[in-house]
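Read through the structure below, which is laid out as structure tokens, and then see the notes.
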Amino acid sequence: MEKTEQTDMEQSKPKLEMNERVGIVEAILFVTGNAVEKKEICRAMELTEGELEETLDALESGYDFDRRGLRLLRFGAHVQLATRPDYAPYVEKLLQPVQKQSLSQAIMETLAVIAYRQPVTKAEIEQVRGVKCDYSVQSLLTKGLIEEVGRKEALGRPILYGTTDSFLRHFCISSLSELPEIDFSKLAAKLEAGKGGEEDMPPHEDAIDSLG
């Protein structure tokens, strides 16, 4: 009897209006500060995936229409609030000096090969770049931009690498389909000519090597 009454109460529970749903999602993303899995939001708000997507669309369009300081990032199964890039100069001016951690050219070249050729092995990356890439791969793994996605059915069963949701977030894209087109023949020619990353080594090791 009690279970029946509880079920009836759950069924009669009024659904949240769209403006309430938008406000709740915004509050959740603001408080967490980090990327949140969509399924966790659905669980907390008792929404279906379709209802959540409608809510995210409404939140995103509101930010874009009013050119507000925040925007919604969607990458894979995660969503997150971020500041609008257009307003970055004003934020940086207020917070000067801003410490930016950039990726070296060698690491960017390695990441580009992985992003466009994934899943890819270390040997296949080195074949494109023409140099060893142990340091770059390890650095990208540490930064969480790539991950091991399996092993290739080949001699030695080498590890296959692919990009992560953090990669999408880092470059402010929602899927790999948004990556710009790249001509790998030109990249290979550039690397062969010595204009790319010369040696895949950490900066301090590179400096020590140049003294030898």
Side-chain angles (χ1 to χ4, degrees), residues 34-40 49 53 56-57 60 71-85 88 99-210:
N34 298 315
V36 181
E37 281 194 80
K38 293 178 182 178
K39 66 178 182 180
E40 290 301 315
E49 291 183 6
E53 289 300 332
L56 293 175
D57 287 341
E60 185 174 26
R71 64 172 180 153
L72 186 69
L73 294 182
R74 305 193 207 191
F75 39 94
H78 297 76
V79 288
Q80 183 177 8
L81 288 184
T83 55
R84 188 171 295 280
Q99 298 296 325
K100 291 186 177 179
Q101 184 179 7
S102 59
L103 301 176
S104 70
Q105 183 174 339
I107 292 177
M108 281 295 293
E109 289 170 359
T110 300
L111 183 56
V113 175
I114 296 172
Y116 285 90
R117 296 288 182 88
Q118 62 184 304
V120 63
T121 67
K122 192 182 297 183
E124 291 167 339
I125 300 169
E126 292 171 348
Q127 185 176 15
V128 174
R129 289 198 58 221
V131 294
K132 299 290 287 182
C133 64
D134 299 82
Y135 171 72
S136 289
V137 168
Q138 186 56 50
S139 179
L140 290 168
L141 285 169
T142 301
K143 296 177 189 298
L145 297 177
I146 65 169
E147 63 184 353
E148 297 180 8
V149 296
R151 288 184 176 272
K152 187 170 184 177
E153 294 299 329
L155 183 63
R157 301 198 71 234
I159 297 172
L160 289 166
Y161 297 97
T163 55
T164 63
D165 282 351
S166 294
F167 164 83
L168 300 177
R169 179 175 55 184
H170 184 87
F171 292 98
C172 296
I173 57 177
S174 59
S175 69
L176 295 173
S177 63
E178 295 180 27
L179 288 172
E181 293 185 7
I182 184 170
D183 187 337
F184 272 92
S185 61
K186 288 184 179 180
L187 174 61
K190 176 183 176 182
L191 296 175
E192 189 176 348
K195 296 179 182 178
E198 296 180 358
E199 187 77 21
D200 190 17
M201 302 170 65
H204 68 281
E205 292 184 16
D206 188 46
I208 292 173
D209 184 66
S210 66

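Each residue takes its place number in the sequence, starting with 1.
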d(Gln127 CD, Ile125 CD1) to nearest 0.5 Å is 11.5 Å
If you round to the nearest 0.5 Å, how far is CG of Leu179 from CD1 of Ile173?
4.0 Å
Where do Ser166 and Leu145 come nearest, in terms of heavy atoms and distance?
O-CD2, 3.9 Å
A side-chain contact here means heavy atoms from C-beta on lying under 4.5 Å apart; do Thr163 and Leu168 qualify?
no
Glu60 vs Arg71, test: salt bridge (charged side-chain N to carboxylate O under 4.0 Å, His left out). Steps then yes/no.
CA-CA 7 Å; Glu60 185 174 26; Arg71 64 172 180 153; over 6 Å; no
Once you round to the nearest 0.5 Å, how far does CG of Leu56 lie from CG of Leu73?
11.5 Å
May I ask you to check whether over 12 heavy atoms, not counting those of Glu37, lie within 6.0 Å of atom CD?
yes
Side chains of Asp134 and Lys122 in contact at under 4.5 Å (non-hydrogen atoms):
yes
List the atom pairs, donor and acceptor, that lie under 3.5 Å between side-chain atoms in residues 75-85 and the rest of the protein, sequence neighbours left out.
residue: His78; atom: ND1; partner: Asp165; partner atom: OD2; Å: 2.9
residue: Gln80; atom: OE1; partner: Arg169; partner atom: NH1; Å: 3.3
residue: Gln80; atom: NE2; partner: Gly33; partner atom: O; Å: 3.2
residue: Arg84; atom: NE; partner: Arg68; partner atom: O; Å: 2.8
residue: Arg84; atom: NH2; partner: Tyr63; partner atom: O; Å: 3.1
residue: Arg84; atom: NH2; partner: Asp64; partner atom: OD1; Å: 3.2

Going by the rule salt bridge (Lys or Arg N to Asp or Glu O under 4.0 Å), which residues pair with Glu148 if we only count those two or more places apart in sequence or in a different chain?
none
Residues Glu153 and Arg157: closest non-hydrogen pair is OE2-NH2, 3.2 Å
Note: Ile146 and Val137 closest approach over all heavy atoms is CD1-O, 3.7 Å
Determine, stepwise, if the pair Phe167 / Leu111 fulfils side chain to side chain contact (heavy atoms under 4.5 Å, CB included).
CA-CA 9 Å; Phe167 164 83; Leu111 183 56; 3.8 Å; yes
Does atom CD of Glu40 have more than 12 heavy-atom neighbours from other groups under 6.0 Å away?
yes
Taking every heavy atom of Ile107 against every heavy atom of Ser139, the minimum-distance pair comes out as CD1-OG, 3.4 Å
For Val128 against Val113, the heavy-atom pair lying closest together
CG1-CG2, 3.8 Å
Partners meeting salt bridge (Lys or Arg N to Asp or Glu O under 4.0 Å) with Glu53 (sequence neighbours left out):
Lys38, Arg74
Of all heavy-atom pairs linking Thr110 and Ser136, the shortest is OG1-CB, 3.3 Å
Spacing of OG1 belonging to Thr121 relative to CD belonging to Glu126, to within rounding of 0.5 Å:
8.5 Å
Distance check, rounded to the nearest 0.5 Å: Gln118 atom CD versus Glu147 atom CD?
9.0 Å
Under a 4.5 Å cut-off applied to non-hydrogen side-chain atoms, are Lys152 and Glu124 in contact?
yes
Given the rule in the side chain to side chain contact (heavy atoms under 4.5 Å, CB included) test, do Tyr161 and Leu141 qualify, once you have shown the distances and angles that lead to the verdict?
CA-CA 9 Å; Tyr161 297 97; Leu141 285 169; 4.0 Å; yes
